[in-house]
Trainee: 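Please find one structure pasted underneath; my questions will follow.
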There are 2 protein chains.
Amino acid sequence: MGVPLYQAKAEFFKTLGHPARIRILELLSERDHAVHELLEKIAIEPSNLSQQLAVLRRTSLVVSHRHGGEVIYSVSVPEVRDLLVAARQILTGLINIAPDTEARPGEGPGTAVKARAAAR
Amino acid sequence: MGVPLYQAKAEFFKTLGHPARIRILELLSERDHAVHELLEKIAIEPSNLSQQLAVLRRTSLVVSHRHGGEVIYSVSVPEVRDLLVAARQILTGLINIAPDTEARPGEGPGTAVKARAAAR
DNA sequence: ACATGAGTTGCAGAGTTCTTCAAGTTGTGT
DNA sequence: ACACAACTTGAAGAACTCTGCAACTCATGT
């Protein structure tokens with residue numbers, strides 16, 4: 001066997017580890033979008049969007065096809081949606097648990113996740 | 001709530017985007033482990049392991065406590081396990097869809113994703 | 001043929017993350 | 001008190017990712 005599964009998993013999560021890419025997947029799991037439509041809803045440079053789409057294409061999470069002047073993107077694996085939902089649940093759970101300090105449930109309400117995210 | 005959820009999600013996935021950290025979470029979701037036990041099962045430098053554990057601690061995905069001479073780690077959010085399972089399913093699904101398919105039916109399926117992972 | 005809108009690609013500088021080394025802490029046994 | 005095992009921390013260089021710019025392709029309208 002060539003590559004350990006845990007390594008493939010890490011690669012996969014890395015692909016999801018970018019705000020724009022999350023945004024794209026969320027939008028695409030509602031419905032297909034042309035690039036210029038994504039552009040309206042996500043505030044980044046066209047070339048940047050294109051780069052992020054390329055990342056998602058490389059991992060086959062999305063596929064694209066031309067339709068006249070536009071390029072339409074769709075998710076190729078519908079289960080991605082479930083994954084995003086699962087993530088959101090863990091995340092909201094974490095926010096009420098995260099003691100920024102140390103291992104001690106019952107301690108002050110954590111802001112570790114919030115704070116870190118806010119810091120960027 | 002100052003932080004867009006999609007950004008927190010990206011942060012969260014970034015945390016999962018490392019082979020050692022995936023490995024750690026997999027082991028910990030079976031049962032609690034002392035650091036030296038993790039060390040036996042994951043082949044990395046002690047200090048590196050410690051760094052990765054620190055990353056997981058910071059996001060509150062795991063918690064630690066001392067027990068005599070050892071430090072015991074446990075997952076603090078059991079749902080993480082579901083997430084890892086979901087990822088594995090998407091991943092195995094992807095392997096049969098991936099683009100540059102030098103896949104040979106009969107043997108370990110598609111290598112597009114795997115190969116990419118191997119290339120790092 | 002030309003101009004224009006829609007996307008993509010290559011690239012370089014800025015910014016992050018990874019890994020390892022050396023040094024430090026904490027608890028146990030002698 | 002000392003040595004030793006079990007961990008953690010800080011720091012630094014290598015490796016990688018991100019972003020925006022300029023240049024390019026491709027299809028449509030004039």
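Residue numbering restarts at 1 for every chain, and letters A, B, ... go by the order of the sequence lines. What's counted below: heavy atoms across the whole structure, side chains too, no hydrogens, waters or symmetry copies.
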Trainee: Quick one: His18(A) NE2 to dT16(C) P, roughly how many Å, whole number?
Mentor: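 From His18(A) NE2 to dT16(C) P: 12 Å.
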Trainee: Any residue in residues 24-45 of chain B with a heavy atom nearer than 4.0 angstrom to DNA chain C? Just list them by number, or reply none.
Mentor: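 Heavy-atom cutoff 4.0 Å gives Glu45(B).
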Trainee: Using only heavy-atom distances, decide whether a donor-acceptor pair under 3.5 angstrom links the side-chain of Gln51(A) to the base of dG7(C).
Mentor: no
Trainee: Using a 4.5 Å cut-off on heavy atoms from C-beta on, say whether the side chain of Ile24(B) contacts that of Tyr6(A).
Mentor: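 Sidechains of Ile24(B) and Tyr6(A): no contact.
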Trainee: Atom CZ of Arg88(B) and atom CD of Glu26(B): how far apart are they, to the nearest 0.5 Å?
Mentor: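 So the CZ of Arg88(B) and the CD of Glu26(B) are separated by 8.5 Å.
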Trainee: Roughly how many Å is it from CG in Leu56(B) to P in dT17(C), rounded to a whole number?
Mentor: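 About 14 Å, once rounded to whole Å.
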Trainee: Could you give the distance from NZ (Lys9(A)) to CG (Leu16(B)), rounded to the nearest 0.5 Å?
Mentor: 10.5 Å
Trainee: When you compare the side chain of Thr59(A) with that of Phe12(A), does any pair of heavy atoms fall below 4.5 Å?
Mentor: no
Trainee: Over how many whole Å does the gap from Arg23(B) atom CZ to dC18(C) atom P extend?
Mentor: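 Interatomic distance, CZ of Arg23(B) to P of dC18(C): 18 Å.
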Trainee: Closest heavy-atom contact between Leu83(A) and Ala87(B)?
Mentor: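 Residues Leu83(A) and Ala87(B), closest heavy atoms: CD1-N, 3.9 Å.
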Trainee: Quick one: on DNA chain D, does Arg21(A) or Leu53(B) contact a more 5' nucleotide (nearest heavy atom)?
Mentor: Leu53(B)
Trainee: Rounded to the nearest 0.5 Å, what separates atom CD in Gln89(A) from atom CG in Leu94(A)?
Mentor: 12.0 Å
Trainee: Does dT17(C) have its OP1 or OP2 closer than 4.0 Å to a side-chain nitrogen or oxygen of Arg58(B)?
Mentor: no
Trainee: State yes or no: do Leu38(A) and Val63(A) share one hydrophobic cluster built from I, L, V, M, F, W and Y residues joined by side-chain heavy-atom distances below 4.5 Å, directly or via other members?
Mentor: no
Trainee: Spell out, as yes or no, whether a donor-acceptor pair under 3.5 Å connects the side chain of Arg21(A) to the backbone of Thr15(A).
Mentor: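 Indeed, once roles are kept as given, a pair shorter than 3.5 Å links the two residues.
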Trainee: Mind calculating the distance between CG (Leu49(A)) and C1' (dG7(C)) to the nearest angstrom?
Mentor: 9 Å
Trainee: What side-chain donor-acceptor pairs closer than 3.5 Å can you find for residues 67-81 of chain A, not counting sequence neighbours?
Mentor:
unit_1, atom_1, unit_2, atom_2, d
Glu70(A), OE1, His36(A), NE2, 2.5
Tyr73(A), OH, Arg57(A), NE, 3.1
Tyr73(A), OH, Arg57(A), NH2, 3.4
Ser76(A), OG, Ser60(A), O, 2.5
Ser76(A), OG, Leu61(A), O, 3.1

Trainee: When you check the phosphate oxygens OP1 and OP2 of dT17(D), does a side-chain N or O of Gln52(A) lie under 4.0 Å from one of them?
Mentor: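 Answer no for this pair, as no side-chain N or O of Gln52(A) is under 4.0 Å from OP1 or OP2.
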Trainee: How many Å lie between NZ on Lys14(B) and C1' on dT17(C), as a whole number?
Mentor: 10 Å
Trainee: Whole angstrom is fine here: how far is it from CD in Glu11(A) over to P in dC16(D)?
Mentor: 11 Å
Trainee: Whole angstroms only, please: what is the CG-C1' distance between Asn48(B) and dT20(C)?
Mentor: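 Spelled out: CG on Asn48(B) to C1' on dT20(C) is 8 Å.
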Trainee: Between the two end axes of the helix from dA1(C)-dT30(D) to dT30(C)-dA1(D), each built from 5 base pairs, what angle do you get to the nearest 10°?
Mentor: 10°
Trainee: Using distance only, find each side-chain donor-acceptor pair of residues 40-51 of chain A under 3.5 Å and give its atom names and separation, not counting sequence neighbours.
Mentor:
unit_1, atom_1, unit_2, atom_2, d
Lys41(A), NZ, His33(A), NE2, 3.2
Asn48(A), OD1, Gln52(A), NE2, 2.9

Trainee: For dA6(D), does either OP1 or OP2 sit under 4.0 Å from a side-chain N or O belonging to Tyr73(B)?
Mentor: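 False: Tyr73(B) side-chain N/O out of range (4.0 Å or more) of dA6(D) OP1/OP2.
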Trainee: Find the distance between CG (Leu56(A)) and CD1 (Ile22(A)) and round it off to the nearest 0.5 Å.
Mentor: 9.0 Å
Trainee: Can you list every salt bridge (Lys or Arg N to Asp or Glu O under 4.0 Å) pair that touches residues 30-39 of chain B, not counting sequence neighbours?
Mentor: Arg31(B)-Glu37(B)
Trainee: Would you mind building the protein contact string for nucleotides 22-30 of chain C? One character per nucleotide, 5' to 3', B for base within reach (heavy atoms under 4.0 Å), S for sugar-phosphate only, - for untouched.
Mentor: ----BSS--
Trainee: Starting the side chain at C-beta, find the nucleotide from dA6(C), dT9(D), dT8(C) nearest to Glu70(A).
Mentor: dA6(C)
